[in-house]
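Scroll down for the structure; my scribbles are underneath it.
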Protein chains: 2
Amino acid sequence: METRELTYFTAVAEELNFGRAARRLGIAQPPLSRAIQQLERRLGVRLFERSSRGVSLTPAGEVLAREAAKILGAVTAATARTRRAGLAEPRLVLALKPGGDGGLLPDVLAAYRTHPDAVAVELALCGVAERARLVRDGTADVAFLHSPYEDLTGFDTEPLRVEAGVAVMTSRHPLAGREHVRLADLDADPTPRWPRAHPEVTDPATLMQLAALGRVVVVAPESVREQVRRDLVCVPVLDGTPTTVLLAWPEGTRSRALAAFVRTAAEVAARVSVGAGTFRDRSHRE
Amino acid sequence: METRELTYFTAVAEELNFGRAARRLGIAQPPLSRAIQQLERRLGVRLFERSSRGVSLTPAGEVLAREAAKILGAVTAATARTRRAGLAEPRLVLALKPGGDGGLLPDVLAAYRTHPDAVAVELALCGVAERARLVRDGTADVAFLHSPYEDLTGFDTEPLRVEAGVAVMTSRHPLAGREHVRLADLDADPTPRWPRAHPEVTDPATLMQLAALGRVVVVAPESVREQVRRDLVCVPVLDGTPTTVLLAWPEGTRSRALAAFVRTAAEVAARVSVGAGTFRDRSHRE
DNA sequence: GCGTCTCCATACCGTCAGGGTATGGCCCGC
DNA sequence: GCGGGCCATACCCTGACGGTATGGAGACGC
């Protein structure tokens, strides 16, 4: 099976229409029909059910659609990784969303710089959804991710710190003066809480603006405290799901530079967690 | 990147000699040279360092070699899985080594047969090393594996039961009468213990023959008790590494039949473990 | 019920990518 | 210095892949 065939197959599987798929691929429809037929012949399996009104996937087609997505993803990743490995200056590309480092990054970078295997670290600041994608498609080597909010299949990971939740709210909120709250307290209040309400809002600035306006209470990992606007207050949430900040990189990666970075980060995280501590950290890392 | 190019690249990367690689691929040497050059041009990266005496991989080449192996593996798996999905009768292929089911298989199969989503189950009896490979390359859907002895990357897994170790030895062995032993007891005896000694022997019949001859004491999961020769005795090992018998299948598989099988197996395992119990099981599954 | 529209398959043709053979250039060992 | 091993280049040829034109089958409107 050639990747060209898989690309063609995927296009048809997504469009469920040979004509549109062909246009998308920039070829004419007959060669596409033929390519798919040839693929079916070679596999000895019917991939599409053709009726004169449109096309649908057979069970075998469904299977191949998933496999093809995996393979094509692996191919683009391989291209990107090989290209980057060929650059004169080896670099480590680290993907993270703004504030997604749990406050660890400055120390980690400083410690890493002294490591014998260290290479230059390039930061790829990106949105929440992009982080994992950048690593999967080979644009980045490693990313700060948050568990349990992200799908970690295909990644090796190193947990760095466990963060409890804080509720971020305007200082005029009735719970703003509390030492700590429980989720039930937040739910008893009429102000809705993110991300349960408005999960579609992912931009931090927008979110904080809504919080400042008293339209929402944001439940977030406690490391946001450091960056939160002056007009907002943070109240620890005792029973929120703890968030694990972790480093994730492609399974089976073999790179001294990356190994050194991960190890350094883990050491820094352990030191910070013991030193500064946070009100749940210690119990979790024992 | 076409898979053909990756196949060619892999051949050269393994042979480190264009002529031999070409012969292995069944083509002449010049087209192979050109194909690699074209790949290098397209990637914009040098993959091989050519000296007139042989060839070596550049760092970028090393990266691509790993990626190519992943991709080509995924392609052969995709082919096999798609073909099997196209068969008239859907089937579930289960890979296991003889005795590798921890004694659970008969009950699991019986329970699964009554499940509404059940399909025919085909057993692929194979050697120790083949089990994982069969699942990885798409020949089997799911396998019984043993943790921590196997590399589970790329698999989703369901642990079924935790087994302590037993020492299998001839009845004339000085420790044969003991209620239980520790590893230190075994080490104090002159008879070497497998798998520390002779790890290259993997055939159970050979192994048991050696045990019967008093040449070796075999430390194995306790479920071997059921199948062990009459002339051998099994003594529980208190401090051996416990073995987890688990089901493993490719990450992200989406199949009702498989899901039903895994679920059934987990239920059967839980039931058996509570009912029959084994001298370590209960504590481990709480 | 017939024309028409949509959509996939078939027929046929041209081009270029990929494979083959012959040969050159380089380096090493004898 | 000569032969041999090994990769690159030159040149040719075949066939795979893409394009255009057209056929055929079902759905829909009137």
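Each chain gets a letter, A, B and so on, in the order the sequences are listed, and its residues count up from 1.
One atom, CD1 of Ile27(A), and another, P of dC8(C), lie 13 Å apart when rounded to the nearest Å. Leu25(B) has its CG atom 14 Å from the C1' atom of dG18(C), to the nearest Å. Counting to the nearest Å, the P atom of dA8(D) and the CD atom of Glu40(B) are 8 Å from each other. What separates CD of Glu5(A) from P of dG18(D) is a distance of 10 Å, to the nearest Å. Counting to the nearest Å, the C1' atom of dG18(C) and the CG atom of Leu39(B) are 15 Å from each other. Atom CZ of Arg23(B) is separated from atom C1' of dG20(C) by 16 Å (rounded to the nearest Å). Between the P atom of dA16(D) and the CG atom of Leu32(A) lies a distance of 18 Å, rounded to the nearest Å. In this structure, the CD atom of Glu15(B) is 15 Å from the C1' atom of dC7(D), given to the nearest Å.
As judged by a 4.0 angstrom heavy-atom cut-off over every strand, Phe48(A) is placed among residues making no nucleic acid contact. Across all strands, Arg34(A) comes closer than 4.0 Å to base atoms (heavy-atom distances). Among the atoms of the strands shown, none is found under 4.0 Å from any heavy atom of Glu2(A).
Taking 4.5 Å as the limit, some side-chain heavy atom of Leu94(A) sits within range of a side-chain heavy atom of Leu105(A).
For dG24(D), the OP1/OP2 oxygens have no side-chain nitrogen or oxygen of Arg50(A) closer than 4.0 Å. OP1 or OP2 of dT9(D) has at least one side-chain nitrogen or oxygen of Gln37(B) nearer than 4.0 Å. Residue Ser33(B) places at least one side-chain N or O closer than 4.0 Å to OP1 or OP2 of dA8(D). One finds no side-chain N or O of Asn17(A) lying less than 4.0 angstrom from the OP1 or OP2 phosphate oxygen of dT6(C). Residue Arg4(B) places none of its side-chain N or O atoms closer than 4.0 Å to OP1 or OP2 of dA16(D).
Between the side chain of Gln38(B) and the base of dA17(C), no donor-acceptor pair under 3.5 Å is found.
Taking CD of Glu130(A) as the start and OG1 of Thr139(A) as the end, the distance is 11.0 Å to the nearest 0.5 Å.
Between Phe9(B) and Phe48(B), a ring centre-to-centre spacing shorter than 6.0 Å is recorded.
Of the two residues near DNA chain D, Pro30(B) and Tyr8(A), the one whose nearest nucleotide lies more 5' is Pro30(B). A residue-by-residue look at Ala35(B) and Gln29(A) shows that Gln29(A) has its nearest nucleotide of DNA chain C further toward the 5' end.
Other residues, nucleotides and ligands place more than 12 heavy atoms under 6.0 Å from the CZ atom of Arg20(A).
Under the side chain to side chain contact (heavy atoms under 4.5 Å, CB included) test applied with Leu96(A), the options Leu125(A), Val142(A), Leu145(A) reduce to a single match, Leu125(A).
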